[in-house]
Amino acid sequence: MISHSCYAVQPWSLRETELHLDVLPQSESVFALSNGHIGWRGNLDEGEPHGLPGTYLNGVHELHPLPYAEAGYGYPESGQTVINVTNGKIMRLLVDDEPFDVRYGKLRFHERVLDLRTGLLRRVCEWSSPAGCTVRVTSTRLVSFSQRAIAAVAYEVEPLDSNVRVVVQSELVANEQLPQKSGGDPRVAAALEDVLLPEEHFADDMRLRLVHCTERSGLRVGAAADHAVHGPASTRTAGESGDNVARLTVTSELAPGEPLRVEKLVAYGWSGARSLPAVRDQVDAALAGARTKGWQGLVEQQREYLDGFWARADVEVDGDAEIQQAVRFALFHVLQAGARAEKRAIPSKGLTGSGYDGHSFWDSEQFVLPVLTYTSPDSVAEALRWRQETLPAARERARQLGLRGATFPWRTIDGSECSAYWPAGTAAFHVNADIADAVVRYVDATGDVEFERETAVEILVETARLWHSLGHHDHHGAFHFDGVTGPDEYSAVADDNLYTNLMAQQNLRAAADVAERHTEEAAALGVDDEEAAAWRDAADAVAIPFNEALGVHEQSAGFTGHQRWDFASTGTDQYPLMLHFPYFDLYRKQVIKQADLVLALYKRGDAFDAEQKARSFDYYEQLTVRDSSLSACCQAVMAAEVGHLRLAYDYVGEAALMDLEDLESNTRDGLHIASLAGAWIALVAGFGGMRLRRGTLDFSPLLPEQLSGLAFTVQVRGRRLRVALAGTTATYTLLEGEPLELCHCGMLFTLSCGAPRSHQMRRPPPRPEPAPPQGRTPTRRHGGLAAPE
Ligand code: BGC
């Protein structure tokens with residue numbers, strides 16, 4: 001995309017200077033606006049043409065039966081799919097008698113700019129109708145971070161050469177027609193038709209409202225709009241509504257230099273419990289709140305919110321303008337995915353598209369939340385409280401599987417398991433330890449004791465119980481987890497997946513620790529000394545598969561003894577492998593979809609020495625095909641740690657440009673939020689070498705020669721810290737807060753405000769770079785030039 005001539009590389013914005021319909025679906029994803037509660041894809045104001053119309057409300061879904069050719073005990077019966085709710089962004093325009101439609105007439109000028117500092121998406125175009133009448137249309141959109149239920153559009157039309165009669169139709173539209181799924185890609189969502197059942201419609205001369213419900217999931221969705229219209233005296237307005245459309249029609253006679261401006265505030269609300277009058281009142285109240293600010297007030301609030309975010313979160317990259325743009329774009333979308341999700345899941349696509357049916361996976365806890373922990377910690381607490389609220393379903397699932405504690409779902413919207421594919425679903429138990437890890441990280445990074453008492457204890461205890469009941473001690477005492485699937489989905493139902501084992505070990509220990517710190521809460525959950533001691537025993541005895549002959553850890557027991565995949569005979573057009581080869585063949589060979597053991601090297605770095613890390617990284621690098629967008633960033637982190645800086649830099653590029661370059665050819669279905677988060681992870685944990693160890697940030701920074709500088713700001717324990725790498729030194733500056741203890745390359749020091757400290761960066765000795773599988777070498781990056789804005 002950004003390599004397409006119509007996208008400009010700029011440090012603080014994404015700018016499109018021509019409209020190319022061949023990349024329209026991708027552009028709708030990259031220009032999507034969201035606050036984690038409402039999601040508006042970057043569809044054109046007039047609704048058509050479109051790739052995928054998309055308006056989402058986090059949590060709003062419909063159920064559908066999951067068909068099985070051969071069903072089995074414990075298979076989930078019901079699937080969940082995110083639905084396209086009432087579209088409030090539509091502004092149709094009639095110029096004299098002709099509908100404004102970029103497919104007809106002539107588009108003389110087009111520009112869309114997503115401004116990452118203001119949070120506004122602005123479109124300007126000049127269009128001549130087939131009859132030759134030229135108008136300029138300017139629209140600006142926002143989905144408010146400050147007012148969670150509110151989105152807004154300011155739409156302006158102005159004739160450029162002659163008087164013109166215009167009609168603007170500002171609409172709420174439910175049950176839009178969706179393109180049908182084509183091809184067999186399981187990552188594309190099923191399109192459900194007419195899922196919204198009309199309950200109520202209303203319009204007066206400025207306000208509109210539609211309320212619908214879903215049939216099977218039993219959710220009620222309300223959308224309402226209010227308008228402010230500014231135009232010449234001839235301007236008239238009229239409202240009307242029907243089951244699936246509520247419309248404000250604005251007519252006006254305009255002369256050149258005389259614009260018509262329609263400001264539209266849109267409110268959304270939904271509930272699985274509230275009555276029709278209650279949902280109606282909810283959206284009306286939200287609108288009333290937005291009206292007190294008005295359009296301009298919302299714009300100002302948006303800027304203020306983002307100023308605060310960037311002060312805590314900015315990453316500055318010197319020497320590669322594309323990566324600079326990409327990492328800010330990534331941070332913006334990660335924020336959008338999680339900012340106001342508030343006790344809802346963060347889907348793997350955020351609210352930018354319907355890919356993966358709008359489900360949330362471990363992506364959230366292992367990729368998105370690590371970024372938000374240091375940049376927007378409140379949203380992390382909310383996301384984890386959502387997991388806590390789903391504990392009843394997770395306990396029930398554990399019971400159904402014959403296990404103790406709680407089994408969180410592999411993929412879900414409402415907390416119940418939706419994965420119809422066992423080997424890469426329920427068997428991927430590591431999601432439980434990933435959630436526990438996110439809980440521990442959040443508490444460690446913030447010191448939020450109240451959260452620890454109210455939320456962490458329960459999650460850690462129930463997941464520890466799961467691990468203890470899932471594993472077993474063998475006759476030597478070693479503790480094993482047999483028949484589980486790790487992150488690598490090309491190896492399934494294996495024994496002692498090392499990532500799973502090490503993460504479970506950490507989970508068991510964290511539960512025992514927290515039970516000691518919060519005895520009352522633990523006792524209320526029935527934890528006694530004996531149970532906690534059993535967790536510690538199991539953790540201490542966790543099996544660590546290691547191949548002595550090769551000197552590398554095993555991804556799972558026996559893995560290194562499997563036949564190697566025949567990479568030489570695999571064509572580059574046969575990736576992703578899962579769409580071209582049967583799973584049974586992938587499962588029995590050494591071929592890795594995504595970082596698994598390499599992720600263990602990063603997340604449990606304390607369990608390996610430097611030599612083991614280097615050997616294992618090199619070994620697994622040759623087998624990892626990166627058929628998941630979650631891989632490159634993990635490889636970047638470990639490549640940097642073991643000294644393959646050039647390779648790390650290439651992987652930074654892949655993670656950061658996943659969507660801007662549409663590297664997996666599915667950005668149209670929504671953004672890869674975990675990979676976007678991975679851009680930050682790759683830079684901060686990779687080149688910054690940042691790790692959190694028991695509340696202290698530990699840095700082992702280095703820079704590839706392609707970058708002249710890298711600086712990032714993080715928030716930890718209520719402080720704001722800036723780390724800047726340039727030349728051979730790393731400079732630590734405390735921007736805000738009490739003195740802070742930090743660690744640089746194993747050396748502890750205390751940092752105070754107004755007294756920055758500089759230290760030499762590490763310089764690992766050069767080692768020969770391992771070769772990724774044939775045909776899967778990442779694109780070699782050449783540092784870009786800084787581009788002025
Ligand atoms: C990956 C999973 C990931 C899911 C959603 C799959 O392709 O293998 O690890 O959770 O996509 O992003």
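In each ligand, atom 1 is the first atom listed, and ligand 1 is the first ligand listed.
Under 4.0 angstrom from ligand 1, the non-hydrogen atoms of Leu630 all belong to its side chain. Within the 4.0 Å heavy-atom criterion, the part of Gln594 lying near ligand 1 is the side chain and not the backbone.
Crowding of Glu77 atom CD: a count of heavy atoms from other residues, nucleotides or ligands under 6.0 Å not exceeding 12.
Remark: Arg604 pairs with Asp606 by the salt bridge (Lys or Arg N to Asp or Glu O under 4.0 Å) rule, at least two apart or across chains. Residues satisfying the side-chain hydrogen bond (donor to acceptor under 3.5 Å, both in side chains) test with Trp270, not counting sequence neighbours, are none.
Counting atoms of ligand 1 from 1 in the listed order, those under 4.0 Å from a heavy atom of Lys593 are 1 (C), 6 (C), 7 (O), 8 (O). Under a 4.0 Å criterion applied to the non-hydrogen atoms of Asp363, ligand 1 contributes the atoms 3 (C), 5 (C), 10 (O), 12 (O).
By the 6.0 Å and 45° rule, Arg328 does not stack over the aromatic ring of Phe309.
Remark: the backbone N or O of His672 is paired with a side-chain donor or acceptor of Asp659 at under 3.5 angstrom.
The option with the heavy atom closest to atom 6 (C) of ligand 1, from among Phe367, Tyr356, Tyr490, Trp362, is Tyr356.
Every N/O-N/O distance between Ser348 and ligand 1 stays at or above 3.5 Å. For the pair Trp410 and ligand 1, the shortest N or O to N or O distance does not fall below 3.5 Å.
Of the inter-residue distances, the one linking His333 atom NE2 with Leu114 atom CG reads 5.5 Å to the nearest 0.5 angstrom.
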